[in-house]
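The sequence lines fix the lettering, A, B, ..., with proteins before strands; numbering per chain opens at 1.
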There are 2 protein chains.
Amino acid sequence: MKITLLTVGKTTFGFAAQGEELYQKRLQFYTQFRRVDIPQLKNAASLSREEIKVKEGDLILKALKPDDDVILLDERGNEYSSIDWAASLERKMLSSGKDIVFVVGGAYGFSQAVYQRANSKLSLSKMTFSHQIVRFIFLEQLYRAFTIIKGEPYHHQ
Amino acid sequence: MKITLLTVGKTTFGFAAQGEELYQKRLQFYTQFRRVDIPQLKNAASLSREEIKVKEGDLILKALKPDDDVILLDERGNEYSSIDWAASLERKMLSSGKDIVFVVGGAYGFSQAVYQRANSKLSLSKMTFSHQIVRFIFLEQLYRAFTIIKGEPYHHQ
């Protein structure tokens with residue numbers, strides 16, 4: 001079972017990219033982790049927000065395999081404590097055997113087609129985080145989940 | 001009215017410190033923002049978690065003025081959307097006139113004495129974020145709140 005983080009557009013803030021790298025390196029010790037960045041649309045400036053969402057959505061859908069378990073990072077998704085989320089991730093890994101793909105959208109969010117394809121939605125917060133920094137916030141949380149699953153002392157109650 | 005972010009211990013991750021700097025610089029355009037870091041305890045390795053919390057708590061309490069509006073960043077606090085939090089911040093600024101101090105604790109959280117002094121608690125997420133990165137997640141959120149209050153186009157619905 002592989003875990004993929006699929007994102008739209010590059011991380012342009014240097015500090016955020018460094019944070020991503022730190023947690024991605026740590027994740028390699030725990031799981032087959034893969035990162036896929038869909039390139040930013042080239043003509044975005046000439047498109048409406050809705051058109052950007054649809055075009056980015058098409059690229060997201062193309063990057064998915066039919067049996068991937070697709071989880072969108074979305075403010076309207078389910079919220080969990082770190083402990084509960086680690087438990088839910090562990091259950092998935094033990095039962096379904098499907099590859100899991102977490103998707104972080106672009107600045108304007110997901111198209112309807114992406115919402116329809118998704119198997120579930122995860123919310124990191126009721127607050128909106130910059131799509132530049134949400135990626136490594138998520139990566140830290142994924143790393144934290146594995147340390148919880150393995151009973152390692154990173155997470156303090 | 002001033003806004004202070006009071007934290008325990010330095011940010012040791014370079015990328016996180018860069019993120020903090022970015023949002024602190026941006027905040028200067030909107031408000032009188034001040035950052036206060038309480039130094040890490042020197043003998044922490046010889047202390048229990050409870051002792052660390054109590055000692056850090058004493059230092060936090062010393063750094064507060066009697067009439068500060070003290071808001072702890074705490075997983076068990078109130079959660080808001082970015083829009084609702086901006087509105088609540090704006091109401092505070094218009095009505096109370098008190099200086100607001102947001103406090104991020106150390107790795108083991110707050111002592112009982114700090115909980116007793118606090119006026120309210122704010123939760124950024126049900127999940128636990130590293131105390132190294134929670135600071136700049138909060139700073140981005142504070143910056144976002146000011147752009148929302150001013151009607152600026154940083155925040156997309």
**OP:** Assert yes or no for the condition that the ring centre distance of A:Phe136 to B:Phe136 is strictly below 6.0 Å.
**Re:**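 Yes, the ring centres sit under 6.0 Å apart.
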
Over 12 foreign heavy atoms within 6.0 Å of [atom1], [X]:
X: B:Glu51; atom1: CD; answer: yes
X: A:Tyr115; atom1: OH; answer: yes
X: B:Lys65; atom1: NZ; answer: yes
X: A:Gln24; atom1: CD; answer: yes

Subject >> Spacing of B:Glu140 atom CD and A:Ile137 atom CD1 [to the nearest 0.5 Å] >> reply: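 Answer rounded to 0.5 Å: 7.5 Å.
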
Original post:
From B:Ser130 OG over to A:Arg144 CZ, what is the distance, rounded to the nearest 0.5 angstrom?
Top reply: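 That separation rounds to 6.5 Å.
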
**OP:** Determine whether A:Ile38 and A:Leu61 fall in the same hydrophobic cluster, where Ile, Leu, Val, Met, Phe, Trp and Tyr are linked whenever their side-chain heavy atoms lie under 4.5 Å apart.
**Re:**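 Linked, A:Ile38 and A:Leu61 end up in one cluster.
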
Original post:
Cluster question for you: counting only ILVMFWY and a side-chain heavy-atom cut-off of under 4.5 Å, with indirect links fine, are A:Met93 and A:Phe138 together?
Top reply: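 The answer is yes; both residues are in one hydrophobic cluster.
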
Subject >> Residue, of B:Lys126, B:Met127, B:Gln141, B:Glu21, that accumulates the most heavy atom pairs under 4.5 Å with chain A >> reply: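 If we count pairs closer than 4.5 Å to chain A, B:Met127 comes out on top.
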
**OP:** Go through the atoms of A:Tyr23 and report whether side chain, backbone, both or neither lie under 4.5 Å from a heavy atom of chain B.
**Re:**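 When you check distances to chain B, only side chain atoms of A:Tyr23 fall under 4.5 Å.
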
Subject >> Residue part contacting chain B, namely of A:Leu124, when any heavy atom lies under 4.5 Å >> reply: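 Interface part for A:Leu124: both.
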
**OP:** Give a yes or no answer on whether the side chain of B:Ser82 reaches the backbone of A:Thr128 with a donor-acceptor pair at less than 3.5 Å.
**Re:**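 Looks like yes, one N/O pair under 3.5 Å.
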
